[in-house]
Amino acid sequence: MPPTSTIPIPRPEFHTLFFNGSPIPHKFPRIAASWTMTLDSKFSQTMNSNSMKKMKKKEELPVQQLSTPPVSKVETLSSDNLQFDRLQPSDHELVRENRFEFGQFVAREAVLDEEYWTAAWLRAESHWENRTYDRYIDNYKRKFADQEFNAVKRRCKVQTGDNCMCIITVKKEQKNLKHSVIKSVVGTLDLNFRYLLQGETFPGERVKAPIFCTINRTAPNKYGYIANLCVAKSARRHGIASNMMYFAVETAKSNAGVTQVYVHVDRNNRPAQLLYQKLGFEMVETANSRLLLEDTYLLRLQT
């Protein structure tokens, strides 16, 4: 999990949460989080059609798999194909269900490839935030963002045993003002739906689980897991982190069978721990001895 933003907790205010089209008043404190974005040189890989045909005949593989390595059931995408000047969709272009309005922002699930990539770039910025002294930092961040972009698309779009949602926070639409996707997305996190392994009471309890260990796919063993929480530097101190977490928890509660939501936090990140605890997360005591070796705590919220 990337470093979580340090956030003070000011006075609460009212927000509006939409589930199934119905507004729900919500009173919640503001918190915070961050970013700056730079786009560097493009890179691409080409292959002439004759060689592709020969390789296809020899290896009996689809042409698409030869030009780009296969990633599960999802085609590997390049940021070169994205429209970085694409405007953020207006409210009437998106379904109003399952979104959370607070202040000048809206939390919802990502729907555009450009939103996924911007979320990936936010994570790259967060991951390398304290390493600006590295000589090739921009190249590292670009490579990290491209890898995370394909990874998050794979997690969210492929129907597997585990489901994932990429939740983003965007600036609320204003009259006579349209933001591009890059300038609109200011926060992101992943909400995963998983099942405990046979014999587990919390995620990761079976450290030496067999390769073919059974997954207990019953309702009581289904849980939500939140990861990759980060917010743009320029948008911190607006309650984005806390409200995205609240929206993720409410979304998890609405998913059939989910009774628990988990999150890992760095043991030295006290502000993040306070944020999660304020939302109702409690430390999983039985996990402490092992997780302390990894410098993380495992927190759980009973839904």
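- One N or O on the side chain of Glu200 and one on the backbone of Leu197 form a donor-acceptor pair closer than 3.5 Å.
- Partners of Thr169 according to the side-chain hydrogen bond (donor to acceptor under 3.5 Å, both in side chains) rule, which considers only residues two or more places apart in sequence or in another chain, do not exist here.
- The side chain to side chain contact (heavy atoms under 4.5 Å, CB included) check on Ser180 picks up Ile182, Lys183, with sequence neighbours excluded.
- In this structure the side chain of Thr251 never reaches within 4.5 angstrom of the side chain of Phe100, judged on heavy atoms.
- The one candidate from Tyr276, Tyr297, Tyr225, Phe281 that meets the ring-ring contact (aromatic ring centres under 6.0 Å, His included) condition with His264 is Tyr225.
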Given Arg123 and Glu125, is the salt bridge (charged side-chain N to carboxylate O under 4.0 Å, His left out) satisfied, shown in steps?
CA-CA 5 Å; Arg123 297 169 191 187; Glu125 289 275 284; over 6 Å; no
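- With a 4.5 Å cut-off on side-chain heavy atoms, Arg194 and Asn163 do not count as touching.
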Going through the checks in order, is the ring pair (Phe, Tyr, Trp, His ring centres under 6.0 Å) test met by Tyr195 and Tyr223?
CA-CA 6 Å; Tyr195 292 90; Tyr223 66 91; 8.1 Å; no
Determine whether Leu122 and Val185 satisfy the following criterion, side-chain contact (heavy atoms from CB on, under 4.5 Å), listing intermediate values before the conclusion.
CA-CA 9 Å; Leu122 274 177; Val185 178; 4.2 Å; yes
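- Qualifying salt bridge (Lys or Arg N to Asp or Glu O under 4.0 Å) partners for Arg108, counting only residues two or more places apart in sequence or in other chains: Glu115.
- Here Lys253 pairs with Glu250 under the salt bridge (Lys or Arg N to Asp or Glu O under 4.0 Å) rule; sequence neighbours left out.
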Begin with the C-alpha distance, continue with both residues' side-chain angles, and end with the deciding distance and a verdict on side-chain contact (heavy atoms from CB on, under 4.5 Å) for Lys153 and Asp113.
CA-CA 8 Å; Lys153 285 296 297 291; Asp113 283 347; 2.5 Å; yes
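- Residues satisfying the salt bridge (Lys or Arg N to Asp or Glu O under 4.0 Å) test with Arg86, not counting sequence neighbours, are Glu114.
- Side chains of Val181 and Leu112 form a contact here, defined as non-hydrogen atoms less than 4.5 Å apart.
- Under the 4.5 Å side-chain heavy-atom criterion for grouping Ile, Leu, Val, Met, Phe, Trp and Tyr, Leu87 is not connected to Val111 through any hydrophobic cluster.
- For the pair Glu148 and Lys141, the salt-bridge criterion is not met [side-chain N within less than 4.0 Å of a carboxylate O].
- In this structure, Arg142 does not pair ionically with Asp138, as no charged nitrogen and carboxylate oxygen lie closer than 4.0 Å.
- Pairing each heavy atom of Phe193 with each of Val258, the nearest pair is CD2-CG2, 3.7 Å.
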Chi angles and distances behind the side-chain contact (heavy atoms from CB on, under 4.5 Å) call for Val249, Leu301:
CA-CA 9 Å; Val249 168; Leu301 173 68; 3.3 Å; yes
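- Taking 4.5 Å as the limit, every side-chain heavy atom of Lys278 sits out of range of all side-chain heavy atoms of Leu275.
- In this structure Gln104 satisfies the side chain to side chain contact (heavy atoms under 4.5 Å, CB included) test together with Gln174, sequence neighbours excluded.
- Shortest non-hydrogen contact noted between Leu191 and Ala248 is CD2-O, 3.5 Å.
- The shortest non-hydrogen separation linking Pro203 to Leu298 is O-CD2, 4.1 Å.
- At a threshold of 4.5 Å between non-hydrogen side-chain atoms, the residues Arg267 and Thr296 do not count as touching.
- Within the cation-pi definition used here (under 6.0 Å to the ring centroid, within 45° of the axis), Lys172 does not qualify as a partner of Phe105.
- Within the 4.5 Å cutoff, the side chain of Ile226 has heavy atoms near those of the Val261 side chain.
- Closest heavy-atom contact between Cys166 and Thr188: SG-OG1, 3.8 Å.
- Of all heavy-atom pairs between Ala235 and Val186, the closest is CB-CB, 3.8 Å.
- Closest approach of Ile168 to Val170, counting heavy atoms only: CD1-CG1, 3.7 Å.
- The SG atom of Cys230 sits 8.5 Å away from atom CG of Leu189, with the distance rounded to the nearest 0.5 Å.
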side-chain contact (heavy atoms from CB on, under 4.5 Å) between Glu282 and Leu299: does it pass, once the steps are laid out?
CA-CA 5 Å; Glu282 298 178 348; Leu299 305 181; over 6 Å; no
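- A 4.5 Å side-chain heavy-atom check between Trp117 and Asp146 finds at least one atom pair inside the cut-off.
- Put simply, the side chain of Thr303 gets close to the backbone of Thr259: a donor and an acceptor are under 3.5 Å apart.
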